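Below: the structure, in structure tokens.
Just so it is clear, the model here is predicted, and its values are computed rather than measured. Only heavy atoms go into these numbers, but all of them, side chains included; no hydrogens, no water, no symmetry mates. Residue numbers start at 1 and run along the sequence shown.
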Amino acid sequence: MAENKSYFFCGIGGSGMLPLAMIVAARGSAVAGSDRSRDQGRSPDKFGWIESHGIALFTQDGSGPQAGQTLVASAAVEDSVPDVAAANALGLPRMTRADLNAALFNAAEQAIGVGGTSGKSTVTGMIGWILDRANRKPTVMNGAVMRNFANDTMPFASALVGDAATYVSEVDESDGSIALYRPDVAVVTNISLDHKSLAELHRLFGDFAVKARIAVINADDPESAPLLAGGNVMRFGFSDAAAIRGSDFEALPDGCRFAVSFAGDRHEVRLRMPGRHNAANALAAIAAARAVNIPVGQSVAALADFAGLARRYEVLGQANCVTVIDDFAHNPDKVAATLAAVAELPGRALLFFQPHGYGPLRQMGKELAASFAAGMRPDDRLFVCDPVYFGGTVDRSIGSEALVADIVAGGGDAAHLTTRAACGAAMLDEAKAGDRILILGARDDTLTEFGRELLEKLVARA
């Protein structure tokens with residue numbers, strides 16, 4: 001991708017679009033954009049921050065796209081969207097987010113791609129932090145805010161702009177765009193049902209791994225087993241088959257600890273993030289860093305200071321001995337991991353879940369229900385509102401009521417309340433000392449605001 005081009009991002013506030021826009025702008029290209037959430041008055045702080053970086057924002061009414069620009073829009077954005085229609089009328093070239101990101105990624109001398117059903121953002125953030133601490137000056141493209149890089153002037157640090165030669169990025173299998181990337185190091189965290197069938201996922205991740213100089217593969221994951229046969233594989237996990245091998249995992253009130261062994265050396269790891277799944281994420285990051293010649297001990301030292309990512313089991317605060325936690329869990333694997341982390345410590349969980357769309361409910365509703373039912377303890381309670389919906393022509397015939405019915409049939413204590421406000425009120429009525437309130441869901445920035453509102457109400461009733 002040549003610098004000093006001009007881009008118009010349709011949906012610039014999205015978790016994948018915003019960091020890419022910031023990277024492209026920092027490299028000298030002109031960037032403008034629009035977002036339906038901004039037009040609806042959602043997340044004004046975020047859009048104000050984007051504008052403060054010299055990025056012009058327009059109402060999504062077709063007035064933004066200009067001659068000479070390239071339109072950047074998700075492949076799912078329909079031609080009827082006014083900005084897309086205007087760009088088509090002007091004859092503007094169009095790229096997807098993945099097209100543009102892959103162009104940057106493939107141009108890097110050392111490109112580390114992080115794929116997998118779960119843990120991509122966390123592993124990407126961990127690798128970015130390890131490389132940054134090692135003075136490798138990486139550029140990092142993430143789908144979540146990396147708290148180590150966030151500050152008052154950079155509150156939405158889902159991108160780190162470093163040298164073009166080292167590029168670390170999440171890669172997405174849900175739309176098949178993982179096929180665009182040519183990694184030097186390919187990380188596959190795990191494989192489980194999400195947006196595609198397992199057969200499709202095996203093919204996509206297999207093709208991704210075989211292209212790399214080194215493929216970092218989860219030795220503990222049964223669905224990743226076909227990928228382990230390659231000659232370029234570095235295995236990570238807690239099994240004896242792993243080269244980067246974890247052991248002696250221990251849950252702690254403020255994180256976890258475990259040991260990592262490699263080539264006869266053993267190191268004690270301390271994470272500020274809870275859950276065995278985050279220990280596995282750390283092993284993946286350590287393995288990827290080792291693949292670019294960073295010693296294991298150096299990675300372990302960096303991870304001791306890794307602050308985690310926004311909305312990845314992020315503790316928003318505590319009031320009246322009730323803790324409010326914000327989490328991105330939205331598919332069966334992520335829900336299982338989050339509930340397993342919850343179960344490592346005492347205290348009842350009051351869970352709120354907002355499905356991230358009607359389409360995903362049709363694709364994986366049964367598996368999602370099974371994950372909730374299996375992971376919830378007898379005293380845990382779940383409140384589910386209607387799926388997130390920002391407009392469009394999606395089939396809305398299957399909603400949250402079907403999900404809740406399946407969870408209840410599986411033995412979970414769940415209730416469907418149509419609105420988020422109703423769920424919040426019910427959780428506050430239930431909450432007592434020692435409980436944890438968890439806000440679960442994706443594709444909606446205001447979920448964090450909802451969690452903070454609940455925390456404020458807990459404080460007010462003290």
Do we see a donor-acceptor contact under 3.5 Å between the side chains of [X] and [Y]?
| X | Y | result |
| --- | --- | --- |
| Asp444 | Gln354 | yes |
| Ser63 | Asp61 | yes |
| Ser121 | Arg312 | yes |
| Thr124 | Glu170 | no |
| Asn101 | Tyr167 | yes |
| Ser34 | Asp83 | yes |

Arg94 CZ: over 12 foreign heavy atoms closer than 6.0 Å: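 It does: Arg94 CZ has more than 12 such atoms within range.
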Over 12 non-hydrogen atoms of neighbours within 6.0 angstrom of NZ in Lys211: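 Yes, NZ of Lys211 has more than 12 neighbouring heavy atoms, counting only those of other groups under 6.0 Å.
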Side chain to side chain donor-acceptor pair (under 3.5 Å) between His416 and Asp386, worked out: CA-CA 8 Å; His416 171 224; Asp386 287 339; 2.8 Å; yes
Of all pairs that satisfy ring pair (Phe, Tyr, Trp, His ring centres under 6.0 Å), the ones with a partner from residues 62-95, not counting sequence neighbours: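 Qualifying pairs: none.
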Intermediate values then yes/no, side chain to side chain donor-acceptor pair (under 3.5 Å), Thr166 and Asp163: CA-CA 6 Å; Thr166 301; Asp163 293 343; over 6 Å; no
salt_bridge(Glu51, Arg38) N-O dist < 4.0 Å: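 Yes, this pair counts.
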Presence of salt bridge, Arg133 and Asp305, under 4.0 angstrom: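 Answer for the salt bridge query: yes.
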Parallel, tilted or perpendicular: rings of Phe9 and Tyr7 (30°, 60°):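 Tilted.
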Geometric cation-pi criterion Arg272 and Phe306, 6.0 Å radius, 45° cone: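 Cation-pi check for Arg272 and Phe306: fails.
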Over-ring placement of Arg420 relative to Phe450, 6.0 Å and 45° cut-offs: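 Judged by the rule (NZ or CZ under 6.0 Å from the ring centre, within 45° of its axis), Arg420 counts as positioned above Phe450.
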Chi angles and distances behind the side chain to side chain donor-acceptor pair (under 3.5 Å) call for Asp333, Thr117: CA-CA 8 Å; Asp333 197 58; Thr117 306; 5.9 Å; no
Verdict with reasoning, Phe149 to Ser158, per side chain to side chain contact (heavy atoms under 4.5 Å, CB included): CA-CA 8 Å; Phe149 301 117; Ser158 51; over 6 Å; no
